[in-house]
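Before any comments, here is the structure.
Throughout, a chain's letter reflects where its sequence line sits, starting with A, and its residues are numbered from 1. In this text the structure is predicted, and so the values were computed from the model without any measurement.
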There are 2 protein chains.
Amino acid sequence: MARPDIPTRERIISAANALFYNDGIRGVSVDAVAEKAGVTKRTLYYHFRSKDDLVAAYLAGRDQPNLALFRKWFSEARGGLPAKVEAIFRNLARSARHPKWKGCGFLRTSAELANLPGHPAIRIGAAHKKKFEEWLRATFAEAGIAQAAQLSRQILLLLDGSFAVVLLHRDPSYMETAGEAASSLIGAAMAQRRSRR
Amino acid sequence: MARPDIPTRERIISAANALFYNDGIRGVSVDAVAEKAGVTKRTLYYHFRSKDDLVAAYLAGRDQPNLALFRKWFSEARGGLPAKVEAIFRNLARSARHPKWKGCGFLRTSAELANLPGHPAIRIGAAHKKKFEEWLRATFAEAGIAQAAQLSRQILLLLDGSFAVVLLHRDPSYMETAGEAASSLIGAAMAQRRSRR
DNA sequence: CTATGTATACTAACCAGTGAATATACACAA
DNA sequence: TTGTGTATATTCACTGGTTAGTATACATAG
């Protein structure tokens, strides 16, 4: 039964995504992932070397879709640069109101596996956040902002802070507060550029 | 052997603190905590109803010392309000350079137990962050800042964002970036107040 | 007939929580 | 002073369930 309609490996990753995101890494057994995917555990271990390998694949599968969503929210928003970045936070707040929302899978995994610094999943999470930061930086640089690198880091800090705080308090309004702070910082950076001319 | 020099309960909490902070909640067994505390597991279960109860006690024990440290860093710093808040971030960056540093125990626990919303440990974590936010708000309000509540939330977001990001990238310089953003936001809020006179 | 993929059945360790017994401190009565 | 009951504190040994990972065999495609 090689090469079924939806490849076995994809089905396993999809099951892992649902379970790991919802219940955390150590809260989900390999057996549970295999059962959800409709395969035996032995089949899962044919496609993945270990649970750690499966966890890495789970996060790798979230990398591009996540970044694409942020870019979509940004590009579809109207207004200037501050408003477009603020739109990301507003859309995130909307997502966070869904009952199944459980914060950022990358951050939660890195928090859970903090005692395993070289873990492949943590590397993937770090690379993901670096990509987002770099996209922000390039966007700011194109807009002629001098301190684009510093500003992109500040926005990233607000974004990841809002993931953590909203998860703790279950109050998405913090994301709107973060968006306003982001907008304010971007506005200040743009004003500084203008005044230097 | 009732009432030894250091009460058994305290020794258990101390052992739980070291292990849970380092390895996470589900990464540490009750047996491991008991062994580190030098008691049998049955003794541990005499003092704590369940592992969840022990986890809550672990976080409750970090509440006051953590807040006291932030207040100390703030009050010992020289300069104006922006500089004093920024000092918290700088001191945090210094802490984060120690190899045993593993982020914020409250946030990491809430991330790990995100699928158990009413968990007592999460309630304690939420209360801890609310206390910090309220202390900031009162400090800003005393300084005559109009939007003290909003500003304190923004600083909290930067603080918790830096916990998450520094844990992921293992790069404490993000904390200094967060401190600069905090300083900038506070400075802007103070200027707004001044211009309104 | 060989490489790819899947299943059954297993191992050895680990885990949260418990039953039953024991030891100690202290209040109070004789 | 001595005995005795009771609440507090601790230990040993155990249970039932779960866990990551594997040895072996079977199936299918090209």
Side-chain angles (χ1 to χ4, degrees), chain A residues 1-59 109 112-116 118-122, chain B residues 1-59 109 112-116 118-122:
Chain A
M1 210 205 281
R3 327 274 153 119
D5 291 338
I6 297 170
T8 306
R9 187 187 159 89
E10 299 297 314
R11 290 211 324 273
I12 294 170
I13 291 179
S14 172
N17 181 54
L19 293 174
F20 285 147
Y21 178 72
N22 200 67
D23 300 332
I25 306 305
R26 295 199 249 233
V28 172
S29 70
V30 175
D31 296 75
V33 175
E35 187 184 350
K36 177 133 190 161
V39 298
T40 64
K41 184 162 54 168
R42 198 63 187 84
T43 297
L44 188 152
Y45 274 101
Y46 175 79
H47 291 279
F48 300 93
R49 192 180 293 121
S50 63
K51 183 177 183 179
D52 288 341
D53 193 21
L54 177 61
V55 173
Y58 144 63
L59 285 187
T109 302
E112 190 175 350
L113 307 182
N115 58 330
L116 309 168
H119 195 289
I122 291 177
Chain B
M1 208 205 279
R3 328 274 154 119
D5 289 339
I6 297 172
T8 305
R9 189 188 157 89
E10 299 297 314
R11 290 210 325 273
I12 294 170
I13 291 178
S14 171
N17 182 53
L19 292 174
F20 285 147
Y21 179 72
N22 200 66
D23 299 332
I25 306 306
R26 296 199 249 234
V28 173
S29 70
V30 174
D31 296 74
V33 175
E35 188 184 350
K36 177 132 190 161
V39 298
T40 63
K41 183 163 54 169
R42 201 65 185 80
T43 297
L44 187 152
Y45 274 101
Y46 175 79
H47 291 279
F48 301 93
R49 193 178 294 121
S50 63
K51 183 177 183 180
D52 288 341
D53 194 23
L54 177 62
V55 173
Y58 143 63
L59 285 187
T109 302
E112 190 175 351
L113 307 183
N115 58 331
L116 309 168
H119 195 289
I122 291 178

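- Separating the CD1 atom in B:Ile13 from the CG atom in B:Leu59 is a distance of 11.0 Å, to the nearest 0.5 Å.
- A:Val33 comes within contact range of no nucleotide atom at all, as no heavy-atom separation falls under 4.0 Å.
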Please tabulate the protein-to-nucleotide N/O contacts below 3.5 Å involving nucleotides 19-21 of chain C, giving atom names and distances.
from, atom 1, to, atom 2, distance (Å)
C:dG19, N7, B:Arg42, NE, 3.4
C:dG19, O6, B:Arg42, NE, 2.7

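- Summarising the geometry of A:His47 relative to A:Arg9, their closest heavy-atom pair is O-NH1, 3.3 Å, with the distance given to 0.1 Å.
- Separating the CZ atom of A:Arg9 from the P atom of C:dT6 is a distance of 12 Å, rounded to the nearest angstrom.
- Spacing between atom CZ of B:Phe48 and atom C1' of D:dT8 amounts to 16 Å, rounded to whole angstrom units.
- The separation between A:Tyr45 atom OH and C:dT8 atom P is 17 Å, rounded to whole Å.
- The phosphate of C:dT6 has OP1 or OP2 within less than 4.0 Å of a side-chain N or O from A:Thr8.
- The distance from atom CG of B:Leu54 to atom P of C:dC15 is 14 Å, rounded to the nearest whole Å.
- Between the C1' atom of C:dT18 and the NZ atom of B:Lys51 lies a distance of 17 Å, rounded to the nearest Å.
- If you measure from atom CD1 of B:Ile25 to atom P of C:dC15, you get 14 Å, rounded to the nearest angstrom.
- When rounded to the nearest whole Å, the span between CG of A:Leu19 and P of D:dT19 equals 12 Å.
- The CG atom of B:Asn115 sits 4.5 Å away from atom CG of A:Asp23, with the distance rounded to the nearest 0.5 Å.
- Residue-to-nucleotide contacts include no donor-acceptor pair under 3.5 Å from the side chain of A:Lys41 to the base of C:dA7.
- Looking at the side chain of B:Asp31, the nearest of the listed nucleotides D:dG21, C:dA16, C:dT6 is C:dA16.
- Residue B:His47 places at least one side-chain N or O closer than 4.0 Å to OP1 or OP2 of D:dT10.
- Regarding contacts with the backbone of D:dA9, a side-chain N or O of B:Tyr46 is found under 4.0 angstrom from either OP1 or OP2.
- Note that CG of B:Leu54 is 10.5 Å distant from CG of B:Asn17, once rounded to the nearest 0.5 Å.
- Between the CG atom of B:Leu44 and the P atom of C:dT18 there is a distance of 12 Å, rounded to whole Å.
- Among the atoms of the strands shown, only primed sugar atoms or phosphate atoms (P, OP1, OP2) are found under 4.0 Å from some heavy atom of A:Ser29.
- For B:Thr43, counting side-chain heavy atoms from C-beta on, the closest listed nucleotide (C:dA16, D:dT10, D:dG21) is D:dT10.
- With hydrogens and angles ignored, the 3.5 Å screen pairs no side-chain donor or acceptor of A:Glu112 with any backbone N or O of A:Gly24.
- For the atom pair OH of A:Tyr58 and CG of A:Leu19, the computed distance is 10.0 Å after rounding to the nearest 0.5 Å.
- From A:Ser29, atom OG reaches atom NZ of A:Lys41 across 7.5 Å, with rounding to the nearest 0.5 Å.
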